[in-house]
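Below: one structure, written as structure tokens.
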Amino acid sequence: MLPFKNRLVKRKEHEQVQKLGNFTSSKNIAIKAMKNNSQETRIGVIVGLKYSKKAVERNQVKRALRDIVQPELKNIVRGYDIVIMARKKEEEKTRSINFKKNILEALEKGQLLINKK
RNA sequence: AAGGUAAAUUGAAUAAUCGCUCUUCGCUUUUGUGAAGGGAGGAAAGUCCGGACAUCAGCCCCGCACUAACUUUGCAUCGGCCUUCGGCCUAAGCACCAUAGGUGCUAUGCAAAGUUAGUGCGGGGAUCGGUAGCGGGUAACGCCCGUCUAGGGUGACCUACGAGGUGCGAGCAGAGACGCUUUGAUGUGAAAAUAUCAAAGCACCCUUCGGGGUGAGCCCCGAUAGUAAUAUUGGGGGUGAAACGGCUAAAUCCUUACUUAGAUGCAAGGUCGUACGCCAAUGCGAAGCAGUGAAAACAGUAAAUUGGUGUUUUCAGUGCUUCGUAUUGGUGGGUACUGCAAGAGCUUAUUGGUAACAAUAAGCCCAGAUAAAUGAUUAUUUUUAACAGAAUCCGGCUUACAGAUUUACCUUGAAA
RNA sequence: UGAGAGAUCGUCUAGUGGUAGGACAGCGGACUCUGACUCUGCUCACCGGGGUUCGAAUCCCUGUCUCUCAG
């Protein structure tokens with residue numbers, strides 16, 4: 001799990017990011033990001049009913065996404081609220097998706113990664 | 001040993017690193033940080049039943065208890081002192097008798113009785129519901145247990161239905177099935193008509209119109225032919241028709257017995273705080289507008305003074321509007337805490353009971369999140385790991401489920 | 001998470017135990033020189049699985065899907 005200060009907590013904040021954030025995506029991941037006033041990166045994860053009807057599967061995906069994001073926190077530009085959404089086609093199975101690759105791809109597209117050059 | 005029946009248990013394990021949540025303790029005390037410990041299920045699911053809990057509402061009668069008000073009756077009366085019982089000192093509104101004092105009224109207190117209202121508990125009844133062989137269990141249920149009946153299975157065992165009627169008319173049986181037509185009676189109606197009840201409804205002949213006779217058909221007893229279905233035929237008396245019977249709910253209605261009590265649902269409900277929005281009232285301040293009063297100036301009246309009129313300025317004060325601010329009240333949304341996990345709890349043992357279950361004793365504390373906690377990585381082993389994620393809490397039912405294990409029993413075969 | 005409602009021809013709907021009806025659409029025919037309109041005929045359905053019943057779209061149980069409300 002993420003430390004408390006790095007989570008997007010409130011429902012209203014989520015809605016704001018959903019409405020006003022910049023959208024980028026890769027194959028199985030969609031990202032909305034918006035600047036906030038603090039120095040911290042705050043991340044929320046959404047896995048909707050459309051992803052799967054089983055609660056267990058949705059929880060597993062949420063855990064997986066958080067675990068992937070956590071070590072990358074250092075590499076993400078500070079001061080953004082980020083909402084990560086998972087998506088898949090009906091036939092796809094959760095196990096066959098490589099979320100890490102997808103997330104990094106999406107973050108790069110949104111220019112949220114710190115360049116190591 | 002093989003096959004099966006019923007029930008129960010379990011639902012990958014171990015180690016290391018990183019990370020989350022709760023509790024306790026310590027250090028800091030604002031955030032934090034260290035240690036120890038706890039951290040999803042048998043179905044957590046579906047929401048199909050039943051409760052707990054909470055808020056709102058709450059039929060009639062009786063009894064008991066408590067509280068409040070009122071009425072009646074009785075007793076007492078500020079206050080102070082002494083060691084309790086109690087005694088002493090002193091004092092007391094109004095009216096009357098009449099002054100040792102007494103009576104009545106008022107006020108207050110206490111006690112008793114009664115009335116009214118409210119609350120709680122218990123009992124009975126009515127009505128809306130629910131259930132249905134019989135008996136039991138449970139907080140309760142449509143749940144569970146035992147047993148009766150029917151069906152299936154060699155068997156262990158499994159499955160199913162279950163009060164009494166009414167109405168309906170599909171199927172069976174039957175010559176014919178709940179109906180049609182005609183007539184009559186009764187009720188309603190001006191009539192038409194309609195509802196209910198009763199009777200009649202094969203063919204021909206006779207008739208005094210009541211009915212009678214003959215024949216077909218039906219019923220009963222036969223005979224002949226044929227393996228048989230059946231065909232032909234004899235006798236009898238009845239009938240000559242539209243009866244009688246079986247089944248029928250988890251839809252409707254009635255009855256009986258038992259049982260229960262409504263509605264809404266933890267996003268129920270409660271507490272704290274008030275930084276926020278809106279509305280209302282009040283106070284203060286500012287601005288604007290409109291009246292009022294006073295003063296001054298000017299105009300005007302033929303003219304001086306006075307008075308009055310009009311305009312302007314200043315001051316005072318009133319009303320209205322707007323803005324700001326403060327207080328109070330209402331309302332809306334938001335937030336924190338609570339509700340919230342010690343419970344119809346779990347484990348073990350004993351006793352009662354065929355059992356469901358109950359009682360007793362001992363021990364135990366076992367998730368409590370709030371965008372929502374159990375994961376990831378590495379290594380080893382095996383069967384390569386099913387269905388699946390708590391959200392107020394319980395008891396059932398139903399549905400999903402890879403496998404593994406245990407117990408009891410049955411059938412068959414073999415051996416003794 | 002809690003509370004409810006529903007599923008009937010391709011589409012919209014009616015049907016409260018006894019042949020599942022209508023409208024639009026589709027197909028064929030008639031009318032017309034042809035098309036449209038009109039007339040006429042036909043085709044096409046009870047969400048899946050069990051049960052009660054002589055008989056189920058309807059009643060009961062169960063599963064699936066869709067929608068609504070609270071937030």
Side-chain angles (χ1 to χ4, degrees):
Chain A
M1 275 299 290
L2 300 165
F4 190 78
K5 58 183 179 182
N6 288 335
R7 293 188 211 163
L8 244 191
V9 175
K10 292 185 181 175
R11 186 188 183 85
K12 274 196 173 178
E13 294 169 350
H14 264 270
E15 281 175 0
Q16 268 197 342
V17 175
Q18 291 265 357
K19 276 187 183 175
L20 307 175
N22 294 320
F23 178 83
T24 54
S25 72
S26 60
K27 192 180 174 190
N28 291 105
I29 293 291
I31 285 182
K32 286 207 169 189
M34 196 179 84
K35 269 194 181 176
N36 61 7
N37 294 326
S38 74
Q39 282 293 311
E40 298 291 344
T41 304
R42 296 194 299 175
I43 291 179
V45 176
I46 295 179
V47 181
L49 254 186
K50 281 184 184 173
Y51 182 88
S52 166
K53 297 208 168 176
K54 298 177 182 178
V56 172
E57 208 176 323
R58 274 181 271 132
N59 281 344
Q60 283 173 349
V61 172
K62 271 196 257 182
R63 287 177 192 138
L65 292 182
R66 289 198 193 106
D67 273 319
I68 291 166
V69 169
Q70 197 183 349
E72 303 293 330
L73 272 177
K74 302 170 191 171
N75 299 331
I76 295 175
V77 180
R78 289 195 167 185
Y80 275 91
D81 285 345
I82 302 176
V83 172
I84 301 175
M85 291 170 278
R87 58 183 185 181
K88 71 166 186 178
K89 294 176 183 174
E90 275 189 21
E91 317 88 48
E92 273 184 298
K93 289 183 181 175
T94 303
R95 279 186 207 160
S96 62
I97 298 177
N98 187 345
F99 283 108
K100 190 169 182 180
K101 206 176 173 187
N102 273 299
I103 286 182
L104 293 181
E105 216 175 283
L107 286 175
E108 248 181 85
K109 272 190 189 174
Q111 300 180 338
L112 292 170
L113 286 179
I114 297 174
N115 290 329
K116 293 177 183 175
K117 299 169 189 176

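A, B, ... follow the sequence lines: proteins, then strands. Residue 1 opens every chain.
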Would [N] be called syn or anti, given that syn covers angles within 90° of 0?
N: B:C357; result: anti
N: C:G41; result: anti
N: B:G42; result: syn
N: B:G291; result: syn
N: B:A225; result: anti

Spacing of [X] atom [atom1] relative to [N] atom [atom2], expressed in whole Å:
X: A:Asn59; N: B:A372; atom1: CG; atom2: P; result: 11 Å
X: A:Lys62; N: B:A371; atom1: NZ; atom2: P; result: 11 Å
X: A:Ile68; N: B:G19; atom1: CD1; atom2: P; result: 18 Å
X: A:Gln60; N: B:C387; atom1: CD; atom2: C1'; result: 13 Å

Taking the same atom, [atom1], in [N] and in [M], what whole-Å distance lies between them?
N: B:U138; M: B:C20; atom1: C1'; value: 43 Å
N: B:U398; M: B:U14; atom1: P; value: 35 Å
N: B:U17; M: B:A36; atom1: P; value: 12 Å
N: B:A251; M: B:G339; atom1: C1'; value: 45 Å
N: B:U350; M: B:G368; atom1: P; value: 35 Å
N: B:G142; M: B:C134; atom1: P; value: 14 Å
N: C:C31; M: C:C44; atom1: C1'; value: 27 Å
N: B:A341; M: B:U259; atom1: C1'; value: 34 Å

Only pairs with both distances under 3.5 Å count, Watson-Crick or wobble alike; so what is the partner of [N] in this structure?
N: B:A1; answer: B:U412
N: B:U227; answer: none
N: B:G130; answer: B:C258
N: B:G104; answer: B:C94
N: B:C25; answer: B:G34
N: B:A173; answer: none
N: B:A299; answer: B:U309
N: B:A290; answer: B:U318

*Given pairs defined as Watson-Crick or G-U wobble with both distances under 3.5 Å, what dot-bracket annotation applies to RNA chain C, with ( ) intrastrand, [ ] crossing, | other strand and . unpaired?*
((((((((.[[[[.)..(..]]]].(((((.......)))))....[[[[[..)....]]]]]))))))).
*Nearest of B:A388, B:A372, B:G375 to any side-chain atom of A:Arg63?*
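Out of B:A388, B:A372, B:G375, the nucleotide with an atom closest to A:Arg63's side chain is B:G375.
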*A:Ala86 to A:Ile29 - nearest heavy-atom pair and separation*: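 For A:Ala86 versus A:Ile29, the nearest heavy atoms are CA-CD1, 4.4 Å.
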*Does A:Arg58 place a side-chain N or O at less than 4.0 Å from the phosphate oxygens OP1/OP2 of B:A372?*
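For B:A372, OP1/OP2 do not have a side-chain N/O of A:Arg58 under 4.0 Å.
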